[in-house]
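Computed over heavy atoms, backbone and side chain alike; hydrogens, waters and symmetry mates excluded.
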Amino acid sequence: MSESYGFVGTDLYIDLTTGNIKKGPIEQEVVQNYIGGMGYASWLLSSLVSPDTGPLSPENRLIFAMGPLVGTLAPGTARVYTMAKSPLSGLLGTSNGGHSAGIALKYSGYDNLILSGRAEKPVYLKVFDDDVEILDASHLWGKDTWQTTDLLREELGDCSVSCIGPAGENLVTFANIMSDKRSGFSKTGLGAVMGSKNLKAVVSRGTKGVKVADRRSFQKLVDGIFDRIAASKATVLWRQYGAAAFGPELERFGREEFRQRVKGRTYACLACPLGCKSMVSLQDGEYAGLVYYNSSLSSLASHHQMARVENWDELAKCVEMENRYGVDGAAMAGLVHLMAQLREQGIIADADTDGLMLTWGGETIRKLVPLIASQNGIGALLAEGVRGTAEKIDKGAERYADHVKGIHSGPDFSKDLSTVTFGNATNPRGSHGDRSIFMTDTAKTNPEAFRSNCLEIGIPEESLGRICNGPQGYNVARLTKWVEDFNSVPLSMGICNRVPIQIRFNFETLVALYQAATGIKTTTTALLKAGERIWNLQKLFNIRHGWTRKDDIPSNQSPDEPIMVEGKSCGTFNQLLDEYYEERGWDVKTGIPSPEKLAELGLNFNEW
């Protein structure tokens with residue numbers, strides 16, 4: 001077998017029904033077309049999961065995918081993508097996490113882990129280099145994620161543990177997978193997919209490492225990126241406050257209070273100079289002594305404002321419970337947002353919720369988490385998520401359910417219309433702007449710099465006229481297309497999308513880093529085309545599994561009312577969608593990729 005660089009060269013297939021363990025080489029042609037990581041997982045899921053496959057059926061796959069830079073010393077490259085058909089949306093389900101989960105799997109010698117089937121009894125998967133075993137997890141079933149992690153480390157020694165809590169075991173549609181008690185694979189219910197397979201945990205420890213093709217060039221590139229990130233003022237702010245350094249909505253909780261009495265010591269993922277993660281450490285108050293690792297409590301402050309959680313202390317306790325039971329915190333906040341409104345509107349009464357007063361605030365979250373995780377009483381209804389709960393309640397409840405494609409929390413365009421918020425709608429996984437992050441604030445203050453940034457992400461100069469034009473200094477729908485294609489490239493390589501990391505990777509840097517790591521020759525044009533191909537393949541997956549144009553419209557958005565920004569109309573949402581589909585080369589009425597676009601990308605609808 002030839003030497004592998006960047007990639008380690010092997011996929012690991014586990015059939016939990018039969019207990020069969022199979023190892024095979026990664027598909028080189030797929031690497032050329034889809035880069036790796038998220039892109040490779042998209043190809044695997046599209047190839048292996050048919051439209052008639054239920055999200056909680058044994059035939060669904062759960063994939064852990066590590067990009068070619070994961071496990072190297074490139075800054076911000078610890079991201080691992082999980083992917084499956086989502087029980088929450090019935091469409092593409094994906095989430096990513098950091099820390100050590102992906103690195104441990106890759107150091108064991110695997111670029112991708114593909115899980116199928118359903119074990120007869122609870123099991124966990126041990127992946128220690130070539131030692132791969134499916135082992136009994138009966139003693140772990142019913143334990144929360146922290147207890148599970150501690151018990152497995154007592155049994156096996158130092159290792160990375162990605163596991164589900166009671167919510168995943170009981171098939172809560174928004175159950176997450178917790179990695180090493182600190183990083184969550186959240187949003188699309190992949191913990192329920194894992195639970196449906198009777199798989200409690202994936203435990204990994206690797207010693208093989210990752211080789212790069214051109215060590216001298218790679219190290220020079222890494223040193224330059226590392227120095228630029230470390231020297232940035234934004235890096236200092238992220239270390240002190242995390243995401244609370246940005247966004248005026250977080251002033252309600254108080255940035256300084258977070259830094260002085262909530263935040264413990266800072267820590268970072270492998271080889272990352274940002275260090276944006278920190279311990280939660282409450283020294284006083286009602287929850288004095290509460291200490292745990294958390295990837296971004298300050299980010300979760302924004303999500304939990306939907307539930308009007310009162311302060312940092314309440315937030316810290318809510319997040320601890322959510323992580324232990326294995327439920328997505330944003331989904332919990334979205335449910336409280338829904339139920340509190342329904343109670344205020346008289347659509348539900350306390351008698352409908354087992355006598356519980358489902359009002360605003362952290363106390364409601366703390367009451368509901370155990371009930372939802374066990375699907376007990378009112379928890380069985382709420383386990384369906386925001387959309388499913390509203391549909392079952394009926395009586396007009398759906399008007400108050402904020403979601404995109406069934407994924408909780410729709411964007412509020414009246415406050416912000418940007419590539420991030422518009423991307424919440426167009427993202428194949430639904431309600432997340434992680435693949436449409438772009439610095440648009442210079443569009444009016446420094447148009448030339450903005451145009452230069454557009455060129456750096458691959459927008460052709462002849463296209464700038466229609467893209468850098470609009471009420472905000474740009475056309476948000478058309479720009480989002482290019483931002484999505486560009487961001488699909490670093491994300492498929494395993495690069496984190498935290499802003500201080502992301503802005504250090506333009507196409508020139510990505511091409512050079514990818515070539516030095518893998519030894520595979522590429523170009524800006526080839527990588528941008530791969531990013532576009534990934535996006536279109538994910539769209540095809542959704543179409544085959546039931547997507548229609550209405551699924552790209554946030555539930556809280558009237559599609560034909562003008563969206564006003566700073567007193568200026570940016571058009572209706574339907575008009576923006578038309579422009580977005582046109583920029584993508586998709587049918588404007590249906591949002592389905594045109595035959596010409598698919599041919600250009602080497603995709604065949606009938607094959608998927």
Side-chain angles (χ1 to χ4, degrees), residues 75-76 221 223-238 241 243 245-248 273-274 276 411 413 415-424 426 433-491 493 495-514 523-525 527-528 531-532 563 565-568 570-571 576 579-580 583-584:
L221 287 162
D223 289 344
I225 300 166
F226 194 103
D227 290 344
R228 289 193 293 276
I229 294 171
S232 169
K233 291 181 180 179
T235 296
V236 176
L237 290 172
W238 274 83
Y241 304 104
F246 307 93
L274 184 57
C276 65
F413 297 122
K415 294 181 178 179
D416 176 31
L417 178 62
S418 64
T419 59
V420 173
T421 55
F422 188 73
N424 268 260
T426 57
D434 61 335
R435 291 169 68 186
S436 52
I437 297 170
F438 190 64
M439 305 301 288
T440 55
D441 48 346
T442 60
K444 286 187 175 180
T445 59
N446 192 342
E448 285 306 309
F450 180 73
R451 291 168 72 92
S452 178
N453 290 341
C454 288
L455 291 171
E456 285 191 353
I457 65 168
I459 298 177
E461 191 161 4
E462 61 270 21
S463 302
L464 291 179
R466 68 174 183 272
I467 291 170
C468 300
N469 180 37
Q472 300 162 278
Y474 58 93
N475 182 303
V476 68
R478 296 187 185 278
L479 177 59
T480 297
K481 178 268 183 197
W482 294 92
V483 174
E484 290 167 341
D485 290 349
F486 170 78
N487 283 335
S488 294
V489 175
L491 293 176
M493 291 184 184
I495 298 172
C496 180
N497 63 357
R498 301 284 202 205
V499 172
I501 299 289
Q502 185 209 45
I503 62 175
R504 304 302 168 188
F505 291 91
N506 59 21
F507 259 129
E508 181 182 352
T509 303
L510 290 170
V511 168
L513 204 58
Y514 183 76
T523 64
T524 293
T525 301
L527 287 181
L528 184 60
E532 185 180 14
I563 298 171
V565 176
E566 297 177 355
K568 297 180 181 179
C570 294
L576 293 177
E579 290 184 294
Y580 173 79
E583 193 70 24
R584 281 215 163 274

Is a side-chain N or O of T480 found less than 3.5 angstrom from the main chain of V476, in a donor-acceptor match? yes
List the atom pairs, with distances to 0.1 Å, where a side-chain N or O of residues 464-474 and a protein N or O form a donor-acceptor pair under 3.5 Å, not counting sequence neighbours.
from	atom 1	to	atom 2	distance (Å)
R466	NE	E583	OE1	2.9
R466	NE	E583	OE2	3.2
R466	NH2	S463	OG	3.4
R466	NH2	E583	OE2	2.8
Q472	NE2	L417	O	2.5

Interatomic spacing from CD1 in I457 to CD in E484 - rounded to 0.5 Å: 10.5 Å
Could you state the interatomic distance from CZ (R451) to OG1 (T442), rounded to the nearest 0.5 Å? 12.0 Å
Where do D434 and N497 come nearest, in terms of heavy atoms and distance? O-ND2, 3.0 Å
Which atom pair, heavy atoms only, marks the closest approach of D485 to R584? OD1-NH2, 2.9 Å
Could you list the donor-acceptor pairs under 3.5 angstrom formed by side chains in residues 505-513, with sequence neighbours left out?
from	atom 1	to	atom 2	distance (Å)
N506	OD1	E508	N	3.2
N506	OD1	T509	N	2.9
N506	OD1	T509	OG1	3.0

Might you work through the side-chain contact (heavy atoms from CB on, under 4.5 Å) test for V499 and M439, ending with a clear yes or no? CA-CA 9 Å; V499 172; M439 305 301 288; 3.9 Å; yes
Measure the CG-OG distance between L527 and S488 for me, rounded to the nearest 0.5 Å. 11.5 Å
Residue pair I229 / I501, side-chain heavy-atom distance below 4.5 Å: yes
State the CG-CZ distance between L274 and R498, to the nearest 0.5 angstrom. 7.5 Å
Heavy-atom pair with the smallest gap, counting every atom of L479 and C454: CD1-SG, 4.1 Å
Give the intermediate values and the outcome of side-chain contact (heavy atoms from CB on, under 4.5 Å) for residues Q502 and I495. CA-CA 8 Å; Q502 185 209 45; I495 298 172; over 6 Å; no
In terms of heavy-atom contacts, does NZ of K444 have more than 12 from other residues, nucleotides or ligands at under 6.0 Å? yes
Any carboxylate oxygen within less than 4.0 angstrom of a Lys/Arg side-chain nitrogen, looking at D227 and R504? no
What heavy-atom pair brings P75 and I225 nearest, and what distance separates the two atoms? CG-CG2, 3.9 Å
Nearest 0.5 Å, please: how far is CG in N424 from CZ in F413? 7.0 Å
Would you say the side-chain atoms of D416 pair up with the backbone N or O of T421, donor to acceptor, closer than 3.5 Å? no
Do you know the tightest heavy-atom contact between E456 and F486? O-CE1, 4.5 Å
Between L576 and C570, which heavy-atom pair has the shortest distance, and what is it? CD2-O, 3.5 Å
